[in-house]
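Read the numbers this way: they start at 1 and go in the same order the structure lists the ligands and their atoms.
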Amino acid sequence: MPGTDSDTPRCIEVALAVPLFRTFTYTVPAGIAWPVAVGSRVLVPFRNRAEIGICLGPGTAPEGVRLKPIVSVVDSEPSLPGPLIDTAQWIADWYAAPIGLTLRGMLPTLLLQTKTPTPRAKTQRVVRVVQELPSLLQREQTFARARQQRVVYDLLEAQGGVAPVDALLVQANCTAGVIVAMVKRGIVEVKQEVVERDPFANRAGVAPPPEPSASQRAAIAAILAGDPGQVFLLHGITGSGKTLVYIEVLRAVLQQPGRTAIVLVPEIALTSQTVDRFRGAFGDSVAVLHSALSDGERLDAWQSLRRGERRIAVGARSALFAPLERVGVVIVDEEHEGSYKQAETPRYHAREAAIVRARAEGALVVLGSATPSLESWERANRGQATRLTLPDRAGGASLPPVQLVDMRAVTKIERAGRAPHAPYDPMLGVLSPALLKAIESRMVRGEQTLLLLNRRGYAAYLQCHACGDVQVCPHCSISLTYHRVPEALICHYCQYQAVVPTHCAHCGTESIRRRGMGTQQVERLVAERFPEARIARMDVDTTSGKWAHTQILDRVGRGEVDILLGTQMIAKGLDFPNVTLVGVVDADTGLNLPDFRASERTFQLLSQVAGRAGRGPKGGEVIVQTRMPDAHAVRHALTHDYLGFVQEELEARQVPAYPPFVGIANVVVSGTHQHLVAEAAIAAAVWVRALLERHAIAGVSIVGPAPCPIDRIKDRWRWHFLVKTAQPRLLTRLARYVAERAPVGTDAAHRTADVRLVVDRD
Ligand code: ADP
Ligand code: ZN
């Protein structure tokens with residue numbers, strides 16, 4: 001370190017994984033090489049324990065404080081390259097998160113253990129085929145009477161020509177002598193090899209289509225001509241072939257020696273088809289970072305990237321932190337997806353953080369979507385991103401026609417035609433005759449149907465079945481939530497309350513119902529109506545197993561499923577040419593959630609799921625059932641009209657102001673005692689208002705406090721208020737100040753009720 005002479009103490013700043021907004025200064029004793037590289041793991045004493053921390057650079061010793069020395073530097077090469085440290089600093093700043101917790105999220109847990117901070121790679125004995133026998137004739141000649149050798153060979157071949165000795169012996173149910181014999185004959189060899197635990201290894205990749213179309217070529221060329229750090233918004237309709245654009249951009253970038261790439265997808269489990277395409281194009285250069293990886297598997301993948309053996313990281317949100325150097329491009333597929341926002345500290349949005357990391361790396365950014373988020377659309381409108389368009393479906397397919405079924409009319413017909421005391425037929429309220437008929441014709445033709453019912457498991461709402469009216473808060477443009485005890489309709493943003501009506505305020509009939517049909521009930525109805533159908537259901541309940549999603553989707557791909565029914569999980573990235581019908585059972589479910597993004601999410605969901613139909617030569621159709629056909633999210637989805645939707649939605653976000661026009665920080669106070677949480681939230685809001693007044697800060701509004709939409713989670717009560725402002729830097733400072741200083745959790749009562757405050761930005 002220049003300027004460091006021998007008599008000033010050698011100090012470093014260390015980030016530790018504790019929920020504190022500070023770093024810690026340690027000295028570096030003689031005998032440890034100086035300087036300590038930024039991003040290296042160091043072992044330090046902390047609260048009478050040894051902890052792993054990250055070196056953030058040289059520190060200054062405060063006057064008169066005796067600093068403790070570090071124990072050792074664990075890494076020979078820094079675990080975290082410089083641009084990742086910069087990204088972490090930005091996340092900590094922007095999202096008001098402790099730097100130590102932010103950095104912790106960037107490392108595999110096994111690298112944070114103090115016992116064996118550098119676990120050794122596992123090795124095992126494997127059998128590998130050395131003499132290939134591709135034809136049946138060759139095999140019959142080679143193994144004429146050696147039946148068991150033939151079994152071993154076939155098993156090996158099925159596993160890509162290599163398998164662990166132990167596992168193979170079990171599978172083949174034979175003795176080691178069989179393998180020894182095969183080694184002697186020169187058919188296989190046995191070696192001690194480092195095993196990389198890669199659960200994706202035995203999935204076949206999918207070859208990309210041969211030739212990009214003219215619009216794909218134009219997009220590829222524009223991206224490759226971009227400047228370092230430039231952001232592209234690739235707006236391509238469903239089925240337009242965005243994946244091929246990504247692949248060609250990756251190919252060109254990786255041709256530059258030493259360049260690497262990151263590809264983010266919403267959820268690996270749901271996008272196995274997309275991942276298979278990347279593997280098909282780049283094979284072993286791809287490390288797939290899957291949320292279902294074990295700690296060991298994650299470490300293996302991480303290390304192979306760090307060592308540069310694999311140059312492409314594909315994964316969900318946290319793959320953004322892949323320890324690659326010289327990243328040339330960061331791709332964010334389906335950039336509008338809500339799953340890019342992390343719900344725990346640090347509460348970052350991977351799309352925003354991707355742009356920051358790319359800038360630090362000098363890399364290109366490609367944000368792809370058929371239904372870009374309003375944030376990205378506005379970013380392009382302001383000239384901070386370059387918009388590219390793929391207006392047509394690839395390979396000559398066209399977008400499927402969408403038919404609307406107004407379920408209010410179905411209810412009316414049903415009421416009129418029913419004898420006064422006849423039993424209610426649930427089928428009619430759920431699956432319209434039009435949808436049933438369409439499913440039936442698919443069954444007859446051997447084609448596949450997707451049925452979407454996005455019933456998320458919280459608070460129902462009230463809707464008039466005759467006219468579709470749902471009661472909305474007069475102050476917040478957000479639907480009121482039905483509460484049972486005490487019975488009321490409540491706005492979850494401002495706490496406005498209304499009594500539960502018996503008659504519809506709009507049409508005067510007594511048709512108000514609680515809405516709450518879930519996927520299980522629909523599955524039963526469909527099975528009753530089509531007893532011969534092979535039905536698969538895909539929702540949180542059916543996909544708890546590690547590879548459950550992939551297994552269901554693989555079955556659909558092999559044609560073993562006639563009807564796939566599910567929640568929004570089935571709307572993502574699926575590309576099955578034999579799916580010719582998509583039915584949306586209830587388009588309204590998401591519209592009435594207490595969230596300013598409700599319309600945007602509904603439009604995205606409807607467009608995305610509609611985009612699953614008609615990808616093959618047989619074409620397709622979409623049937624959308626709704627009681628709110630006039631909602632702009634529904635109207636524009638019928639005509640695949642993204643631009644029309646965006647225009648109306650952007651207008652709706654102006655008054656009252658919501659993103660992208662303002663930044664929002666959601667301040668959430670939680671704890672085990674309801675009244676203490678309410679009190680603390682109110683006090684914190686008063687404190688913020690006073691702060692604004694004292695410093696004469698203008699242009700900030702505080703909305704609330706009020707109970708959160710889900711006001712109790714895991715026995716913790718939750719209140720929140722919103723801080724809104726159009727000045728991002730001011731919001732950064734405020735968020736940080738509130739997170740660090742708000743008078744919450746400081747007094748004894750708060751501590752017994754474990755009252756805590758968190759800030760969640762955007
Ligand atoms: P998107 O992600 O934009 O919805 P995909 O990347 O899944 O679209 O592509 C849709 C389908 O079109 C895929 O089956 C893909 O193989 C095919 N496809 C993409 N580009 C071409 C092309 N240039 N020619 C023929 N088929 C293509
Ligand atoms: Zn309100």
Quick check on Gln273 - does any of its heavy atoms sit under 4.0 Å from an atom of ligand 1? no
Among Glu334, His336, His235, Lys242, which residue meets the side chain to side chain donor-acceptor pair (under 3.5 Å) test with Ser369? His336
Examine Leu244 against ligand 1 and note whether any of their N/O atoms are separated by less than 3.5 Å. no
Just one of Glu447, Arg445, Lys618 clears the side chain to side chain donor-acceptor pair (under 3.5 Å) bar with Asn578, so which one? Lys618
Give the atom numbers and elements of ligand 1 that come within less than 4.0 Å of a heavy atom of Ile237. 3 (O)
Which atoms of ligand 1 have any heavy atom of Ser213 under 4.0 Å away? 23 (N)
Where on Thr243 is there a heavy atom closer than 4.0 Å to ligand 1, on the side chain, on the backbone, on both, or on neither? both
Check contact between Arg277 and ligand 1, using heavy atoms of the residue and a distance below 4.0 angstrom. yes
State yes or no: are the ring centers of Phe645 and His632 separated by less than 6.0 Å? yes
Can you list the ligand 1 atoms lying under 4.0 Å from a non-hydrogen atom of Ala394? 12 (O), 18 (N), 19 (C), 20 (N), 21 (C), 27 (C)
Do Arg597 and Pro659 make a side-chain contact, defined as non-hydrogen atoms from C-beta onward lying under 4.5 Å apart? yes
Can an N or O of Asp575 be found at a distance shorter than 3.5 Å from an N or O of ligand 1? yes
Counting only heavy atoms, which portion of Glu211 has something under 4.0 Å from ligand 1: side chain, backbone, both, or neither? backbone
Using a 4.0 Å heavy-atom cut-off, which part of Thr274 comes near ligand 1: side chain, backbone, both, or neither? neither
Measure across Ala354 and Val330 and return the closest heavy-atom pair with its distance rounded to 0.1 Å. CB-CG1, 3.9 Å
Using a heavy-atom cut-off of under 4.0 Å, does the side chain or the backbone of Pro212 touch ligand 1, or both, or neither? backbone
Geometric class of the Phe596/Tyr658 ring pair [parallel <30°, tilted 30-60°, perpendicular >60°]: parallel
Please confirm whether Thr238 comes within less than 3.5 Å of ligand 1 when only nitrogen or oxygen atoms on both sides are compared. no
Examine the side chains of Arg310 and Thr260 and answer whether a donor and an acceptor come within less than 3.5 Å of each other. no
Establish, from distance only, whether the side-chain atoms of Gln608 and Arg612 form a donor-acceptor pair under 3.5 Å. yes
